[in-house]
Protein chains: 2
Amino acid sequence: MARTGLTVERLTLAAAEMADEVGFENVTVSALARRFGVKDASLYFHLKSAHDLRVQVAMLALREMADGAADALAGRAGKDALVAFANAYRDYALRHPGRYAAAQLQLDRETAEASAARRHAEMTRAILRGYQLAEPDQTDAVRLLHGTFHGYVSLERAGGFRHTPRTTDASWSRTLDALDALLRNWPPQ
Amino acid sequence: MARTGLTVERLTLAAAEMADEVGFENVTVSALARRFGVKDASLYFHLKSAHDLRVQVAMLALREMADGAADALAGRAGKDALVAFANAYRDYALRHPGRYAAAQLQLDRETAEASAARRHAEMTRAILRGYQLAEPDQTDAVRLLHGTFHGYVSLERAGGFRHTPRTTDASWSRTLDALDALLRNWPPQ
DNA sequence: GGCGCTAGTCTAGACCCCCTAGGTAAAAAC
DNA sequence: GTTTTTACCTAGGGGGTCTAGACTAGCGCC
């Protein structure tokens, strides 16, 4: 009956590792409890619900991604910044598939506000400073960039590109070239 | 003890409607059985597993989306075709959120081959014929388009754009303008 | 029209997951 | 050293997945 020393942080981290190993959808309270050699009821002292656990993992992933992106952006501007940011994003998704899946969880409004989502948006806008876009073009460009990164990576993860010989690395690099060209040459209204 | 006349097709359709109503993650074999006034064990005569049911819904959604896209493309070329295709895709996702979520399910290799995924790829290439891109630029462009559509729509669905006043419709339309401009002016290697 | 076959549904039950209520022991506070 | 709080436990209900085996409706056939 020794105490295990569980905390929300330890549980969240273990759940994140589990997600990367067996997939986010297989992260359950029971499995997590087994991992700590503890009854599942015990975890409810630290967690509100199974959904709460998933939200915690999602927020961890968002934080980690924002941290990585911030590092990548430091001291860069223009296309350099764009490429570094995009690569940080993609690398994280490929290295941590379970965490990345968690980050796609639908968060309710307040949770989303409290998450690192705002930092992501700010960094994207920081990148765009190198391209001198006025509003509302800037907002449109933010959405385009977010959408493109997320879409490309999630299709790549899903294996959507595997039936063509061209490597996804090469396509990715050219996609970034194309986005850079597009931002430098944003079409007039 | 009258026969209900269940078939895989009827079950799949009902599950798809259920997905749009209550969310894809809440589509369960039990709930589906209740909807037909039948015990859940009965459904396992028609379905291999709960996962099988979800795969069926995913393939239905992929077929429907491909049909819609094909209609939209008929008789169009160039930017017209691009816009019609993109709108068909987005409209489907917004009108059928549960089905769209199902379409994001990770399919294993053979299932994916047997799905409408190939038709999607062919149609995307058909659009690009209006822009005269040579390989491998064409492959890169296919990936960019797929990624962008999917990413934009899934972020929109997730509410990722709601904190800015600009309407997502306007951004979407400008995104399509931007993609058209990009394809007409694909950056040289 | 009875006979057998197959398809479609049922009952029963095992197992896993989520979560609550209430008990109890370890650690911390005093 | 007692009290309080914290952390974990047992017990148990509810729901989802799935299997084995029983039963019956309807068909094809002599």
Side-chain angles (χ1 to χ4, degrees), chain A residues 1-60 98-99 101-102 104-108 111, chain B residues 1-60 98-99 101-102 104-108 111:
Chain A
M1 205 137 293
R3 304 224 167 169
T4 316
L6 301 180
T7 63
V8 180
E9 289 71 29
R10 287 189 65 197
L11 289 172
T12 304
L13 200 58
E17 283 163 12
M18 216 164 132
D20 286 335
E21 288 162 17
V22 300
F24 183 57
E25 71 282 4
N26 295 317
V27 173
T28 67
V29 174
S30 313
L32 191 58
R34 273 194 298 276
R35 196 164 178 128
F36 281 99
V38 150
K39 299 293 166 185
D40 45 347
S42 307
L43 299 198
Y44 288 92
F45 184 79
H46 305 278
L47 304 169
K48 282 218 311 288
S49 65
H51 181 251
D52 178 36
L53 172 62
R54 295 186 191 108
V55 169
Q56 296 290 341
V57 177
M59 301 202 21
L60 171 68
R99 281 160 153 107
Q104 309 314 318
L105 196 68
Q106 297 245 17
L107 301 177
D108 59 89
T111 315
Chain B
M1 205 140 293
R3 305 227 166 168
T4 317
L6 301 180
T7 63
V8 180
E9 289 71 28
R10 287 189 65 198
L11 289 172
T12 304
L13 200 59
E17 283 163 12
M18 216 163 129
D20 287 335
E21 288 163 16
V22 301
F24 183 57
E25 71 282 5
N26 294 317
V27 173
T28 67
V29 174
S30 312
L32 190 57
R34 272 195 298 275
R35 195 163 178 130
F36 280 98
V38 150
K39 299 293 166 184
D40 45 348
S42 307
L43 298 199
Y44 287 92
F45 185 80
H46 305 278
L47 304 169
K48 283 218 311 290
S49 65
H51 181 250
D52 179 36
L53 173 63
R54 294 185 191 110
V55 170
Q56 296 289 342
V57 176
M59 303 204 16
L60 171 69
R99 281 159 152 107
Q104 309 313 317
L105 197 67
Q106 297 246 16
L107 302 177
D108 59 273
T111 315

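Throughout, a chain's letter reflects where its sequence line sits, starting with A, and its residues are numbered from 1. Note that the structure is a prediction, hence the values are computed from the model and not measured.
To the nearest 0.5 Å, atoms CD (B:Gln106) and OG1 (B:Thr111) are separated by 12.0 Å.
Spacing between atom CD of B:Glu25 and atom P of D:dG16 amounts to 14 Å, rounded to whole angstrom units.
Applying a 4.0 Å cut-off to non-hydrogen atoms, none of the residues of residues 8-17 of chain B approaches DNA chain C. Of the residues in residues 38-58 of chain B, those with a non-hydrogen atom less than 4.0 angstrom from any atom of DNA chain C are B:Val38, B:Lys39, B:Ala41, B:Ser42, B:Phe45, B:His46.
Using a 4.0 Å cut-off, some side-chain N or O of A:Arg34 falls inside it from OP1 or OP2 of C:dC17. Note on B:Ser30: a side-chain N or O is less than 4.0 Å away from OP1 or OP2 of D:dT17.
Residues passing the salt bridge (Lys or Arg N to Asp or Glu O under 4.0 Å) test with B:Asp20, sequence neighbours excluded: B:Arg99. Remark: A:Glu25 engages no residue in a salt bridge (Lys or Arg N to Asp or Glu O under 4.0 Å) (not counting sequence neighbours).
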Derivation and outcome, side-chain contact (heavy atoms from CB on, under 4.5 Å), residues B:Met18 and B:Phe24: CA-CA 8 Å; B:Met18 216 163 129; B:Phe24 183 57; over 6 Å; no
Pairs under 3.5 angstrom only: tabulate donor-acceptor contacts from the side chains of residues 39-49 of chain A to other protein residues two or more places apart or in another chain.
from, atom 1, to, atom 2, distance (Å)
A:Ser42, OG, A:Lys39, O, 3.2
A:Ser49, OG, A:His51, N, 3.3
A:Ser49, OG, A:Asp52, N, 3.0

Counting only pairs under 3.5 Å, give me each side-chain donor-acceptor contact of residues 5-16 of chain B, with atom names and distances, residues two or more places apart or in other chains.
from, atom 1, to, atom 2, distance (Å)
B:Thr7, OG1, B:Glu9, N, 3.4
B:Thr7, OG1, B:Arg10, N, 3.0
B:Arg10, NH1, B:Thr4, O, 3.2
B:Arg10, NH1, B:Gly5, O, 3.0
B:Thr12, OG1, B:Val8, O, 2.6

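In terms of heavy atoms, A:Ala58 sits closest to A:Leu107 at CB-CD2, 4.4 Å.
Contact of the A:Val27 side chain with the A:Leu53 side chain is registered, since non-hydrogen atoms from C-beta on lie closer than 4.5 Å.
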